[in-house]
Amino acid sequence: MSIEVKNLFKYYGSQAAVKDVSFNVGNGEIVGFLGPNGAGKSTTMKIITGYINASGGSVKVCGKDVTVDTLDTRRLIGYLPENNPLYLDMYVKEYLTFVGKIYRVPNLKERVKEMIQKVGLEIEQNKKIGQLSKGYRQRVGLAQAIIHDPEVLILDEPTSGLDPNQLADIRNLIKSIGKEKTVMLSTHIMQEVEAICDRVVIINRGEIVADDTAKDLQLEGSVQTVFVEFEGSISRNQLKKIPGVGRVEQMGEGWLLESSEDMDLRKSVAQFAQQNDLLAVTLRKEEKSLEEVFKQLTKS
Ligand code: ADP
């Protein structure tokens, strides 16, 4: 296991920012850490990287406790903090060399060259960081995070503030880096998880509210929806009388029926059709969008 977080707590004064958080990230996984602003994502990530201490609980990275094997775990982790703090007056190569020296990276000159190639910084490599666009600054941030060849990458909101082209480039870069490393990235954008991650851990108000693959999350939840189309006309009131049906919404030629409890409505709709001598030409379970699942899980 690459990351093991167990019963983690963090208090800022009397405010509990992280409450009994536990989850694991397996080797080679790309996991999305999703939650609204203020949910506790950065706090959790700072504890994993050893930047701040927890108030309770434990974190292991590749089997090592981050509060005991501090130096070892720092070598195992590459970290891109929120807002990517960089030295704007430094040149790209100068900065990467500076970071590499801190980690005592061998053959540093070669390694810096390799990193510049890996993150696609060739054409901007002779500029000062302050002269770079936000997208290229993120590339520098990613290069500094992987220069010491860590096993685990922790990326805090790596795509925030990027334009759509930069966003696509950085997502692709993370995906390609993720082929060789374990990655945990935080975001408040659902599509990001769908685009990059194998699994999603959702945090809300300091507590984990979901830990699943994106696909399985869509199938869970207390409300299920079916789409049905009948041959011939039918009224909303008739549909409302079907056992288990809650909300009814017309959609084109058909109807969206929401269950009032956690049940698959297809059976009762099929029975209803049979009893009323109606032909259901379409009857299918609708997958909820991840956006809806997220909203449902994190509403206050
Ligand atoms: P997220 O990254 O999900 O936006 P954070 O981990 O930054 O959430 O914040 C979680 C909660 O902890 C928020 O209510 C925030 O205001 C609070 N918090 C974060 N850092 C500090 C700090 N250094 N001092 C006091 N409160 C903090």
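Residue numbers run from 1 in the order of the sequence given. Each ligand, and each atom within it, is numbered from 1 in the order the structure gives.
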Do the ring planes of Tyr11 and Phe9 sit parallel (below 30°), tilted (30 to 60°) or perpendicular (above 60°)? parallel
Closest heavy-atom contact between Val92 and Leu132? CG2-CD1, 3.8 Å
How close does the nearest protein non-hydrogen atom get to atom 4 (O) of ligand 1, and which residue and atom is it? Gly38 N, 2.7 Å
Give a yes or no on whether a salt bridge exists between Lys64 and Asp72, defined as a side-chain N under 4.0 angstrom from a carboxylate O. yes
For the pair Lys118 and Glu180, find out whether any cationic side-chain nitrogen is under 4.0 Å from an anionic carboxylate oxygen. yes
Shortest protein heavy-atom distance from atom 8 (O) of ligand 1, along with the residue and atom involved: Gly40 N, 3.1 Å
Nitrogen or oxygen atoms of Asn37 and ligand 1 under 3.5 Å apart: no
Arg247/Glu258 salt bridge by N-O under 4.0 Å criterion: yes
State yes or no: do Ile242 and Val226 share one hydrophobic cluster built from I, L, V, M, F, W and Y residues joined by side-chain heavy-atom distances below 4.5 Å, directly or via other members? yes
Closest protein heavy atom to atom 2 (O) of ligand 1, given as residue, atom name and distance to 0.1 Å: Ser42 N, 2.8 Å
Do the rings of Phe230 and Phe272 sit parallel, tilted or perpendicular, given the 30° and 60° boundaries? perpendicular
Numbered atoms of ligand 1 (with element) below 4.0 Å of Ala17, judged on heavy atoms: 11 (C), 12 (O)
Atom 23 (N) of ligand 1: the protein heavy-atom neighbour that sits closest, reported with distance to 0.1 Å: Tyr12 CE2, 3.6 Å
Looking at atom 6 (O) of ligand 1, what's its closest protein heavy atom, distance included? Thr43 OG1, 2.5 Å
What's the shortest distance from atom 14 (O) of ligand 1 to any protein heavy atom, and which residue and atom give it? Gln15 NE2, 2.9 Å
If the cut-off is 4.0 Å to any non-hydrogen atom of Ala39, which atoms of ligand 1 fall inside it? 1 (P), 3 (O), 8 (O)
Closest heavy-atom pair and its distance - Ile154, Ile3: CD1-CD1, 3.9 Å
Please work out whether any backbone atom (N, CA, C, O) or any side-chain heavy atom from C-beta onward of Pro36 is under 4.0 Å from ligand 1, and answer side chain, backbone, both or neither. backbone
Please report whether atom 16 (O) of ligand 1 has a protein non-hydrogen atom at a separation of less than 4.0 Å. no
